[in-house]
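Nothing here was measured: the structure is a model prediction, and the numbers come from that model. Quick note: residue numbers are just sequence positions, from 1. Values reported hereafter were calculated over all heavy atoms of this structure, with side chains retained and with hydrogens, waters and symmetry mates removed.
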Amino acid sequence: MSPKTRYLQGLNPKQREAARATEGPVLVLAGAGSGKTQVITRRIAHIVANGLATPDEILAVTFTNKAAAEMRERVGGLIGASEAKKVMLSTFHSYCLKILRTHCERIGIRKNFSIAGESDSRTLLRRVVDDMNSQTMSYSPGMFQSTISLCKNTNVLPDEGGTMPLASDTDAKYGEQLPDVYTKYQSALRAANSLDFDDLLLMTLKLWRECPDVLALCRGKFKYVMVDEYQDTNALQFELIRLLVEAHRNFCVVGDDDQSIYAWRGADPRNILEFEKSFPEAKIVTLDQNYRSTETILKAANSVIKNNGSRREKQLWSELGVGRPIDWITVSDEDAEAKEAVKWLKYIQQKTGARYSDFAMLYRSNIQSRPLEVILRQAGIPYVVVGGQDFFERSEVKDIISYLKVIANPRDEAAFLRVVNMPRRGIGDNTLHRAHDICREEGASLGMALSEVLKRGKAPKRAEQGIQEFLSVMQKFRKQFTEGKSSLKTMVEDLILKIDYRGELERTCKNPGQAQARWNNVEVVVNAIGEYEEKEENKGKVALQNFLDDSHLNSDKNFSKEDRRKTGVTLMTIHSSKGLEFPFVFIMGCEDGLMPHDKSMKENGIDEERRLFYVALTRGKRHVTLFDALTRVRGGREKECQPSRFLKELPAELVKRHIRAARGGMVATSAGEDDVAMNRSKVQAKRKARSRR
């Protein structure tokens with residue numbers, strides 16, 4: 001074996017072609033599961049082995065530190081760990097940070113600048129926005145934060161006078177104020193000698209444009225440049241890469257336009273679709289052999305994605321066998337969906353011997369995880385939520401439950417400290433320290449200690465009203481709870497209204513969509529408490545205590561995160577699943593309004609939603625199961641659902657259909673639309689009858 005070709009061994013013909021294409025622009029269209037990481041790492045090793053560049057003359061850019069670390073490990077396995085360390089394997093932001101630390105003074109930024117995290121950025125924006133708020137108009141710092149980030153990622157500066165892009169759910173009033181707020185926010189960052197995360201890229205571009213000698217220095221350092229996940233690049237990243245490689249043009253981008261699913265953060269699939277417009281001499285290699293999935297899964301994915309108008313043609317294929325048809329299960333509602341998913345999981349385990357960790361349940365929105373988490377807990381099945389918090393660990397859920405814990409047990413110190421300033425009441429750390437001293441000296445609860453702080457005149461004037469308000473709220477609802485004159489659910493609803501928790505969410509969330517999603521979680525908690533009260537054995541104090549116990553906030557039955565990662569079912573959004581694979585994939589909520597999402601349907605974003613469904617399908621290795629519900633609670637209301645339009649794009653011969661009745665088991669298989677409509681009518685009739693009762 002020749003030393004110059006040894007790193008090409010074991011690659012299929014198209015992978016080998018891509019790894020050997022070292023000169024000039026190269027676009028590698030890497031379909032899902034086609035071994036793109038292997039191509040990138042072998043290409044690096046091939047370049048080094050043939051003396052085309054030394055390791056430190058190669059730059060490989062990807063989007064996450066995890067991906068960069070994995071790539072470095074693989075390269076180390078090929079050329080040795082010490083040599084692999086010399087290759088610049090980095091994210092865009094890490095690479096730009098290195099440049100700015102060296103050269104930022106050329107554009108008026110001090111070298112000791114700080115990087116402003118999300119909370120730091122919001123603090124600065126809040127200061128700017130507070131000056132604007134009036135009795136007639138108020139603004140959310142979070143809304144401006146997400147919109148300014150989108151501006152930066154599409155390479156729009158406040159002083160350029162161009163049209164500024166707005167996040168999809170941004171009110172018109174924000175658009176009017178955006179240029180002024182953007183300008184003042186940048187001024188506040190400068191005054192604090194800080195750059196936010198997006199500025200790392202934006203200021204590097206500014207540096208290169210204003211200082212040609214610095215750009216020339218950066219260009220001269222690398223003979224070869226590679227970019228992974230190129231379909232996820234935005235306008236700002238495209239311009240950075242274009243400037244960096246303009247001289248030698250020896251660069252390779254790897255990506256798949258069919259997996260471009262991040263438009264909401266500025267990713268532009270045109271970067272990959274129109275690659276030849278910017279680089280007419282480019283060589284294009286398509287990797288279409290999939291090493292992950294069965295032929296059935298790939299044929300289904302191909303059939304769906306071909307309905308997108310703007311895409312590069314490719315047909316994924318596999319040598320892994322036909323596999324089982326895709327199962328499509330229709331259920332009555334989201335709770336039935338969760339129960340059916342667990343039954344189906346156990347059935348697959350029985351037939352195949354699969355482990356819990358072989359399963360992934362994917363969904364469009366994080367809120368869909370709630371019924372799944374509840375049923376998995378009840379069934380004693382370990383799981384881990386990826387790309388989102390465990391439902392019972394979400395901030396808004398913990399806030400409400402912490403209030404309930406303090407009502408039930410005034411000495412629950414952790415819960416007390418969580419809610420004493422939620423919503424904000426101006427009770428500072430020094431005041432709480434004084435209260436802690438009284439607790440320690442006199443054995444009092446924190447509530448009693450705060451009351452003593454007031455009596456002794458130890459609280460600052462600005463904290464006195466907040467303490468009085470908080471103690472008054474807790475006294476009122478603890479009395480209401482003790483007397484049991486109203487239902488527990490009513491008491492909780494009154495409490496949430498009294499503290500204006502919804503208003504707090506609207507004031508502090510980035511945008512109305514996030515506020516609504518978090519409010520939906522609060523409603524889930526309230527409804528769950530109501531369900532507990534309906535059981536005869538759960539009344540009053542018992543209902544609350546059992547609910548708190550079952551929430552697993554204080555339960556030893558919960559699985560540790562480490563154990564769950566090793567043995568548990570994975571729950572995640574489809575966005576979070578990109579780049580991962582599982583033997584068995586369940587895609588939940590395959591209904592119009594969720595998949596595709598109703599917001600995307602209104603905004604002509606169907607192509608991206610179809611790509612999202614394609615990504616979900618191609619996560620499956622052995623089998624994929626689709627779930628849709630006849631009704632689902634959305635925005636606090638139960639709504640009738642229609643099957644996702646994407647399901648109709650699946651070839652009938654690849655799908656096995658199952659209809660579940662509202663109660664009971666399977667009533668039909670391979671059913672037609674008439675059966676579904678009939679079953680839908682039965683479910684609706686039963687629900688109307690229950691509501692009349």
Side-chain angles (χ1 to χ4, degrees), residues 329 331-346 348-349 355-402 404-405 517-532 535 546-577 580 582 584-591 594-595 616 619 625 627-629 632-634 636:
I329 302 177
V331 297
S332 58
D333 56 29
E334 62 266 36
D335 292 327
E337 179 184 53
K339 292 175 183 176
E340 195 60 47
V342 170
K343 288 181 185 177
W344 193 249
L345 182 152
K346 291 180 177 178
I348 292 174
Q349 281 189 316
R355 300 166 299 178
Y356 288 130
S357 57
D358 291 332
F359 293 86
M361 297 181 181
L362 310 182
Y363 36 78
R364 180 64 175 82
S365 301
N366 274 315
I367 194 171
Q368 292 174 253
S369 74
R370 180 260 170 184
L372 295 170
E373 293 179 53
V374 170
I375 296 301
L376 287 167
R377 286 169 183 258
Q378 290 177 358
I381 296 175
Y383 69 90
V384 61
V385 180
V386 179
Q389 291 172 293
D390 184 295
F391 179 81
F392 295 100
E393 289 297 313
R394 289 170 187 161
S395 178
E396 60 275 11
V397 175
K398 292 185 73 172
D399 288 342
I400 302 306
I401 289 180
S402 292
L404 298 179
K405 291 175 73 177
R518 294 183 64 186
W519 177 251
N520 289 344
N521 289 335
V522 173
E523 290 184 324
V524 166
V525 174
V526 175
N527 290 333
I529 290 171
E531 292 170 7
Y532 261 79
K535 300 176 183 178
N546 286 349
F547 174 77
L548 293 174
D549 289 344
D550 280 2
S551 73
H552 288 255
L553 294 177
N554 293 318
S555 175
D556 293 330
K557 292 186 281 188
N558 205 356
F559 297 94
S560 72
K561 288 188 175 181
E562 183 179 357
D563 289 340
R564 283 194 247 162
R565 287 196 180 100
K566 291 178 181 177
T567 64
V569 176
T570 299
L571 306 184
M572 63 171 66
T573 63
I574 302 171
H575 281 99
S576 298
S577 74
L580 303 177
F582 301 89
F584 302 98
V585 167
F586 294 0
I587 306 178
M588 320 304 295
C590 296
E591 302 132 26
L594 275 178
M595 176 58 61
R619 297 313 93 195
T625 305
F627 291 84
D628 76 305
R632 190 178 295 272
V633 175
R634 299 195 65 205

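- Between the side chain of Asn527 and the backbone N or O of Val524 there is no donor-acceptor pair closer than 3.5 Å.
- Formation of a donor-acceptor pair under 3.5 Å by the Tyr363 side chain with backbone atoms of Met572 is found in this model.
- No donor-acceptor distance shorter than 3.5 angstrom exists from the side chain of Arg632 to the backbone of Glu334, with no hydrogens or angles considered.
- With hydrogens and angles disregarded, no donor-acceptor distance shorter than 3.5 Å links the side chain of Glu337 to the backbone of Met588.
- Residues Val585 and Ala616 share a closest heavy-atom pair of CG1-O, 4.0 Å.
- The shortest distance between side-chain heavy atoms of Arg364 and His575 falls below 4.5 Å.
- Shown here for Ala379 and Lys346, the closest heavy-atom pair between the two residues is CB-NZ, 4.3 Å.
- The two atoms that bring Ala517 and Ile367 nearest to each other are O-CD1, 4.3 Å, heavy atoms only.
- The distance from atom CG of Asn520 to atom CG of Asn366, rounded to the nearest 0.5 Å, is 12.0 Å.
- Atom CD1 of Ile574 is separated from atom CD1 of Ile587 by 6.0 Å, given to the nearest 0.5 angstrom.
- In this structure, CG in Leu345 is found 4.0 Å from CZ in Phe359, a value given to the nearest 0.5 Å.
- Listed here is the closest heavy atom pair of Gln368 and Pro371: O-CD, 3.5 Å.
- Just one residue in the list Leu362, Asp358, Val384 forms a side chain to side chain contact (heavy atoms under 4.5 Å, CB included) with Thr570, and that residue is Val384.
- If you take CE on Met361 and CZ on Phe584, they are separated by 12.5 Å, rounding to the nearest 0.5 Å.
- When side chains are defined from C-beta on, Leu404 counts as touching Ile529, because their heavy atoms get closer than 4.5 Å.
- The shortest distance between side-chain heavy atoms of Ile348 and Phe586 falls below 4.5 Å.
- Smallest separation of non-hydrogen atoms from Gly589 and Met595: O-CB, 3.8 Å.
- Within the 4.5 Å cutoff, the side chain of Trp519 has no heavy atoms near those of the Glu396 side chain.
- Of all heavy-atom pairs between Leu571 and Glu373, the closest is CD1-CG, 3.7 Å.
- Summarising the geometry, atom CZ belonging to Arg634 is positioned 4.0 Å from atom CG belonging to Leu594; distances are rounded to the nearest 0.5 Å.
- Summarising the geometry, atom CD1 belonging to Ile375 is positioned 6.5 Å from atom CG belonging to Asp335; distances are rounded to the nearest 0.5 Å.
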